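In what follows, a single structure is set out as structure tokens and then discussed.
Because the structure is a prediction, the values reported are computed rather than measured.
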Amino acid sequence: MSNLLKFEKSYIYKIELIALEEDNYSFVRGNMEPEQFSKLVFFLNEKLRDMLNGASLTPVDIAELLERFYGFKQVDGKGKRMDANIELAENWERYDLLYDDIINDSIYYADGIEEALKDIVFDIVYSNPTIFYEKFMELAIEKGGVSYIPVPIRIIDEVKKAKEEAGLPI
């Protein structure tokens, strides 16, 4: 659990990403004021982007992280009054100039959050090996191969070659 300040009042938030064509949103409830919540969402997304440039958390990813590490609960928010609607692209624009202040504020860190974000990076890279090719190759060598993941044969061959060059078992 993080050391974020908790408040008596419970808030309901909608997290969404309008840029995606399908409905892409999640609802969470927690005891954190809207301003602090928005900064936490920014923090989570930027920590992921620091690990994998060009990637972004989905609203579902964020809701799951909030529940697992920050004491929020995922709820069915349809028909309920929202205390705030956090659209991820707008949230980034709002806080981008405060990046250093937010990222370096220990209040947003929770035990295990960086490992959870690394797992999400792994999932993103292995789902999109051609988009994140360099990171894919790095993880393939680090994790000992990709034979258990369905990927194009060309990429498997390149991983084998890279492992041979690195002196790792194939």
Side-chain angles (χ1 to χ4, degrees), residues 1-7 10-75 77 82-144 146 149 151:
M1 216 42 99
S2 80
N3 57 353
L4 281 168
L5 298 173
K6 301 295 181 184
F7 298 91
S10 181
Y11 299 88
I12 297 178
Y13 297 104
K14 180 179 183 182
I15 307 163
E16 65 181 333
L17 183 57
I18 295 173
L20 297 178
E21 292 179 15
E22 76 271 358
D23 291 337
N24 195 352
Y25 55 85
S26 291
F27 297 96
V28 294
R29 178 194 335 259
N31 297 353
M32 185 181 298
E33 290 184 339
E35 180 73 15
Q36 191 174 26
F37 179 79
S38 295
K39 288 179 180 178
L40 175 59
V41 169
F42 176 86
F43 170 85
L44 293 171
N45 238 338
E46 291 307 303
K47 289 301 286 181
L48 180 90
R49 285 187 184 128
D50 288 349
M51 294 176 186
L52 184 62
N53 189 25
S56 182
L57 292 169
T58 67
V60 172
D61 292 331
I62 292 170
E64 289 172 357
L65 291 169
L66 291 170
E67 187 168 52
R68 185 170 165 199
F69 294 100
Y70 297 94
F72 282 79
K73 298 290 179 212
Q74 294 185 59
V75 297
M82 298 296 114
D83 292 292
N85 184 19
I86 309 300
E87 200 288 321
L88 296 178
E90 291 172 5
N91 202 53
W92 178 82
E93 288 176 13
R94 181 177 178 191
Y95 293 111
D96 186 45
L97 294 176
L98 298 174
Y99 172 88
D100 288 333
D101 294 338
I102 294 171
I103 288 296
N104 295 321
D105 191 340
S106 64
I107 197 168
Y108 298 108
Y109 282 84
D111 289 339
I113 192 65
E114 292 205 9
E115 281 303 313
L117 288 168
K118 286 179 187 176
D119 290 343
I120 293 171
V121 165
F122 183 85
D123 291 343
I124 291 170
V125 169
Y126 277 92
S127 297
N128 304 282
T130 55
I131 295 172
F132 299 106
Y133 181 74
E134 287 183 26
K135 189 68 170 181
F136 177 85
M137 295 300 291
E138 176 188 319
L139 289 173
I141 292 169
E142 180 182 305
K143 299 288 184 186
V146 295
I149 299 175
V151 296

Exercise. Can you check whether Ile62 reaches Val28 side chain to side chain, under 4.5 Å on heavy atoms?
Worked result: no
For this session: Specify whether Phe122 and Tyr126 have parallel, tilted or perpendicular ring planes, treating 30° as the upper limit for parallel and 60° as the lower limit for perpendicular.
Result: tilted
Problem set entry | From OG (Ser10) to NZ (Lys73), nearest 0.5 Å | 11.0 Å
For this session: Look at the side chain of Asp61 and the backbone N and O of Thr58, then say whether any donor-acceptor pair between them is shorter than 3.5 Å.
Result: yes
Exercise. Within a strict 4.5 Å, meaning less than it, do heavy atoms of the Met32 and Leu40 side chains meet?
Worked result: yes
Exercise. With Glu35, which residues qualify under side-chain hydrogen bond (donor to acceptor under 3.5 Å, both in side chains), at least two apart?
Worked result: Arg94, Tyr95
Exercise. Counting only N and O atoms by type, is there a donor-acceptor contact under 3.5 Å from the side chain of Asn91 to the main-chain atoms of Ser38?
Worked result: yes
Exercise. For Asn104, does the CG atom sit with more than 12 other heavy atoms under 6.0 Å from it, leaving out its own atoms?
Worked result: yes
Exercise. Residues two or more places apart in sequence or in another chain: which of them pass side-chain contact (heavy atoms from CB on, under 4.5 Å) with Glu64?
Worked result: Val60, Gln74
Seminar exercise, completed: Here the pair of heavy atoms bringing Leu88 nearest to Val41 is CD2-CG1, 3.5 Å
Exercise. Who passes salt bridge (charged side-chain N to carboxylate O under 4.0 Å, His left out) against Glu87, sequence neighbours left out?
Worked result: none
Problem set entry | Backbone of Ala55 reached by a side-chain donor or acceptor of Arg49 within 3.5 Å | yes
For this session: Write down the atom of Ile113, the atom of Tyr70, and the distance for their closest heavy-atom approach.
Result: CG1-OH, 3.8 Å
For this session: Using a 4.5 Å cut-off on heavy atoms from C-beta on, say whether the side chain of Ile107 contacts that of Phe43.
Result: no
Exercise. For the atom pair CG (Leu66) and CZ (Arg29), what is the distance rounded to the nearest 0.5 Å?
Worked result: 14.0 Å
Exercise. Do the non-hydrogen side-chain atoms of Glu114 and Met51 ever get within less than 4.5 Å of each other?
Worked result: yes
For this session: Report yes if the side chains of Leu52 and Lys135 come closer than 4.5 Å at any heavy-atom pair, otherwise no.
Result: yes
Exercise. Mind checking what makes salt bridge (charged side-chain N to carboxylate O under 4.0 Å, His left out) contact with Asp50, not counting sequence neighbours?
Worked result: none
Exercise. Quick one: are Phe42 and Trp92 in side-chain contact, heavy atoms under 4.5 Å?
Worked result: yes
Exercise. Hey, are the side chains of Leu65 and Leu117 touching, using non-hydrogen atoms and a 4.5 Å cut-off?
Worked result: yes
Exercise. Can you find a heavy atom in the side chain of Phe37 that is under 4.5 Å from one in the side chain of Ile86?
Worked result: yes
Exercise. Which residues satisfy the side-chain hydrogen bond (donor to acceptor under 3.5 Å, both in side chains) test with Asn85, sequence neighbours excluded?
Worked result: Glu16
For this session: Quick one: pull up CG in Asp105 and CD in Gln36 and give me the separation to the nearest 0.5 Å.
Result: 8.5 Å
Problem set entry | Value rounded to 0.5 Å, distance of CD in Glu67 from CZ in Phe72 | 11.0 Å
Exercise. In Å, rounded to the nearest 0.5 Å, how long is the span from CD1 of Ile102 to CG of Leu44?
Worked result: 11.0 Å
Exercise. Listed by chain and number, what are the salt bridge (charged side-chain N to carboxylate O under 4.0 Å, His left out) partners of Glu90, not counting sequence neighbours?
Worked result: none
Exercise. Taking Asp83 for the side chain and Tyr13 for the main chain, is one N or O donor matched with an acceptor at less than 3.5 Å?
Worked result: no
